[in-house]
Amino acid sequence: SNNIEKIFKALSKKINLSKLEEITIEANPGEAPIERLKEYRELGINRISFGFQSLDDKLLKFLDRLHTSKDCIKAYNDARSAGFDNINTDMIFNIPNQSLEVLDRNLNEVIRLSPEHISCYSLTVEKGTKLYNQVSNGKVKMPKEDLDYQMYRRSMLTLKNADYYQYEASNYSKKNKECLHNLHYWNLNPYLAFGPSAHGYNGVKRWWNYRSLDIYISSIKNGKLPIDNQEILKNKDHYNEIIMNGLRTSKGINIENLNEIKGKVSFEGMISKWPQLTIKDGYLKLRDNNFMLLDEITSDLFI
């Protein structure tokens with residue numbers, strides 16, 4: 001936390017940190033002793049996100065996590081003791097050998113803890129990962145698509161019944177506890193980039209920093225910004241990003257924003273093709289938060 005304090009001190013010379021509504025830190029269960037959590041809280045960090053992923057030890061082992069389910073509960077309780085009143089827990093479904101019963105039990109255990117925010121993602125197989133290699137050579141079988149869908153529905157309904165509001169495809173929160181950073185990002189508001197690999201955006205241009213820590217540091221030492229590359233967003237990119245980010249949220253896409261870019265846009269044809277779509281109060285959105293075909297519908301709306 002000494003290093004984080006140094007970062008905060010450096011930032012505070014340029015930014016009024018007391019004006020920030022939300023400062024989130026991500027932590028792994030088992031790697032966040034209570035003393036450190038207290039120090040984070042004293043620095044002004046007011047939200048913490050724990051990567052639980054699962055509360056089943058066999059599944060955690062399969063996911064190559066170093067922590068156990070006990071570590072998750074302890075980290076959560078320690079964060080509460082340290083004064084955090086805004087906690088997120090990340091959960092994953094669609095894990096090989098995960099049953100609906102295990103998912104159900106785990107979600108209910110998390111609900112009993114009562115975090116302000118729960119993120120619930122489907123496990124995806126990404127190129128270059130150990131899981132990708134295991135699936136490719138047949139060592140691991142991913143759950144069938146139908147089970148993935150059932151797990152998604154179960155997560156959705158279980159969390160809804162426990163008064164968690166699904167404000168985005170994978171994110172659920174108690175009343176007024178949505179993650180401000182996420183909303184800012186999905187609304188395509190500007191954000192600054194600090195650190196290797198970080199991306200920044202000013203409404204017109206997006207840029208990203210060098211991945212390599214060595215190159216990042218040497219650029220700064222030489223008085224240069226550590227920017228690896230940038231892109232100016234064309235109208236088409238801007239339009240598609242509004243579609244992609246807006247449709248993920250329960251609020252939907254502000255049609256006025258699209259009209260500004262492309263002139264009057266009509267979605268009647270799309271709505272008859274995709275009965276999941278509806279327009280309400282000037283927003284194009286998915287009916288009843290039906291995010292299951294999100295990717296297919298999004299790519300169909302792209303120009």
Side-chain angles (χ1 to χ4, degrees), residues 21-22 24 47 49 86 88 90-91 116-122 124 148-149 152-191 199-206 231-303:
E21 284 178 65
E22 182 182 281
T24 301
R47 185 174 181 276
S49 177
N86 198 354
N88 169 61
D90 280 350
M91 298 296 286
E116 284 66 32
H117 190 286
I118 299 171
S119 298
C120 214
Y121 304 101
S122 173
T124 51
D148 183 23
Y149 178 69
Y152 177 68
R153 293 291 303 172
R154 182 69 61 92
S155 310
M156 220 172 135
L157 295 169
T158 304
L159 292 166
K160 186 183 179 181
N161 290 337
D163 288 332
Y164 283 91
Y165 161 61
Q166 185 181 21
Y167 68 101
E168 192 268 347
S170 307
N171 287 281
Y172 305 78
S173 79
K174 289 187 176 178
K175 201 171 189 281
N176 300 326
K177 290 291 182 182
E178 297 94 338
C179 173
L180 298 182
H181 161 79
N182 286 354
L183 288 173
H184 190 88
Y185 185 78
W186 295 317
N187 289 334
L188 296 170
N189 295 323
Y191 44 88
H199 284 57
Y201 174 65
N202 64 6
V204 180
K205 185 171 76 180
R206 183 171 285 116
E231 60 178 348
I232 306 275
L233 294 184
K234 299 184 187 77
N235 268 4
K236 178 186 171 184
D237 302 324
H238 210 74
Y239 183 95
N240 287 347
E241 287 199 0
I242 292 172
I243 295 276
M244 186 172 73
N245 288 290
L247 208 59
R248 296 185 64 90
T249 65
S250 56
K251 197 174 181 185
I253 300 160
N254 184 334
I255 295 172
E256 193 51 48
N257 290 348
L258 294 177
N259 289 342
E260 280 172 23
I261 296 170
K262 202 174 175 282
K264 197 97 181 81
V265 191
S266 167
F267 291 102
E268 278 170 30
M270 279 295 172
I271 288 172
S272 56
K273 180 178 177 184
W274 297 103
Q276 295 87 346
L277 287 170
T278 182
I279 292 178
K280 192 178 173 204
D281 304 328
Y283 281 80
L284 177 72
K285 55 186 268 188
L286 287 163
R287 203 185 290 275
D288 304 321
N289 272 359
N290 187 356
F291 293 111
M292 244 357 251
L293 290 170
L294 176 67
D295 293 345
E296 289 84 342
I297 297 173
T298 298
S299 59
D300 209 10
L301 289 170
F302 280 169
I303 54 172

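We number each residue from 1, following the sequence as shown. Fair warning: this is a prediction, and the values are worked out from it, not measured in the lab.
- With sequence neighbours excluded, the residues that form a side chain to side chain contact (heavy atoms under 4.5 Å, CB included) with Thr124 are Glu126.
- Not counting sequence neighbours, the partners of Lys273 by the side chain to side chain contact (heavy atoms under 4.5 Å, CB included) test are Asp300.
- Residues Asn289 and Met156 have side chains in contact (heavy-atom distance under 4.5 Å, counting atoms from C-beta outward).
- Contact of the Tyr165 side chain with the Ser250 side chain is registered, since non-hydrogen atoms from C-beta on lie closer than 4.5 Å.
- For the atom pair CE (Met244) and CG (Asp295), the distance works out to 10.0 Å, reported to the nearest 0.5 Å.
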Sequence neighbours left out, cut at 3.5 Å: what donor-acceptor pairs do the side chains of residues 259-268 make with other protein atoms?
{"from": "Asn259", "atom 1": "OD1", "to": "Val265", "atom 2": "N", "distance (Å)": "3.0"}
{"from": "Ser266", "atom 1": "OG", "to": "Glu268", "atom 2": "N", "distance (Å)": "3.4"}

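- You'll find the side chain of Lys285 stays beyond 4.5 Å of the side chain of Leu277, heavy atoms only.
- The closest side-chain heavy-atom distance from Tyr172 to Lys160 is not below 4.5 Å.
- Residue pairs meeting the salt bridge (Lys or Arg N to Asp or Glu O under 4.0 Å) criterion with at least one member in residues 170-182, sequence neighbours excluded, do not occur.
- Atom CG of residue Asn171 and atom OH of residue Tyr164 lie 13.0 Å apart, to the nearest 0.5 angstrom.
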- [ ] Might you work through the side-chain contact (heavy atoms from CB on, under 4.5 Å) test for Phe302 and Tyr239, ending with a clear yes or no?
- [x] CA-CA 8 Å; Phe302 280 169; Tyr239 183 95; over 6 Å; no
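- Using modelled atom types and a 3.5 Å distance limit, the side chains of Asn88 and Asp90 yield a donor-acceptor pair.
- Smallest separation of non-hydrogen atoms from Phe291 and Arg248: CE2-O, 3.2 Å.
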TODO: Just do the side-chain contact (heavy atoms from CB on, under 4.5 Å) check on Cys120 and Ser170 with the steps written out, would you?
DONE: CA-CA 5 Å; Cys120 214; Ser170 307; 5.6 Å; no
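- With a 4.5 Å cut-off on side-chain heavy atoms, Met91 and Tyr121 do not count as touching.
- Scanning for salt bridge (Lys or Arg N to Asp or Glu O under 4.0 Å) contacts around Arg154 gives Asp104, with sequence neighbours left out.
- For Ser173, there are no side chain to side chain donor-acceptor pair (under 3.5 Å) partners, not counting sequence neighbours.
- A distance-only check finds a donor-acceptor pair linking the side chain of Asn254 to the backbone of Glu256 [under 3.5 Å].
- Contact annotation: the side chain of Ile243 approaches that of Leu258 to within less than 4.5 Å [non-hydrogen atoms, C-beta and beyond].
- Rounding to the nearest 0.5 angstrom, the gap separating the CH2 atom in Trp274 from the CG atom in Leu286 is 10.5 Å.
- Every residue two or more places apart in sequence or in another chain that forms a ring pair (Phe, Tyr, Trp, His ring centres under 6.0 Å) with His199 is listed here: Trp208.
- Counting heavy atoms from C-beta outward, Ile242 and Leu188 have side chains that approach closer than 4.5 Å.
- Of the possible donor and acceptor atoms, one in the side chain of Ser299 sits under 3.5 Å from a partner among the backbone N and O of Glu296.
- Tyr191 and His184 have perpendicular rings, their planes meeting at more than 60° on a 0 to 90° scale where under 30° would count as parallel.
- Not counting sequence neighbours, Gln276 has no partner by the side chain to side chain donor-acceptor pair (under 3.5 Å) test.
- Every side chain to side chain contact (heavy atoms under 4.5 Å, CB included) that Lys205 has, sequence neighbours left out, goes to Asn202, Trp207, Gln230, Ile232.
- Looking at Glu241 and Arg206, a side-chain N of the basic residue comes within less than 4.0 Å of a carboxylate O on the acidic one, giving a salt bridge.
- If you take CZ on Arg47 and CG on Asn86, they are separated by 5.5 Å, rounding to the nearest 0.5 Å.
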Task: Worked check of side-chain contact (heavy atoms from CB on, under 4.5 Å) between Asn240 and Ile303 - done: CA-CA 7 Å; Asn240 287 347; Ile303 54 172; 3.5 Å; yes
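- Note that CD1 of Ile279 is 4.0 Å distant from CD1 of Ile255, once rounded to the nearest 0.5 Å.
- By the side chain to side chain donor-acceptor pair (under 3.5 Å) test, His238 pairs with no residue at all, sequence neighbours left out.
- Scanning for side chain to side chain donor-acceptor pair (under 3.5 Å) contacts around Tyr167 gives His117, with sequence neighbours left out.
- Arg287 is linked by a side chain to side chain contact (heavy atoms under 4.5 Å, CB included) to Thr278, counting only residues two or more places apart in sequence or in another chain.
- Within the 4.5 Å cutoff, the side chain of Leu301 has heavy atoms near those of the Leu284 side chain.
- Heavy-atom neighbours of Asn189 CG from other residues, nucleotides or ligands within 6.0 Å: above the threshold of 12.
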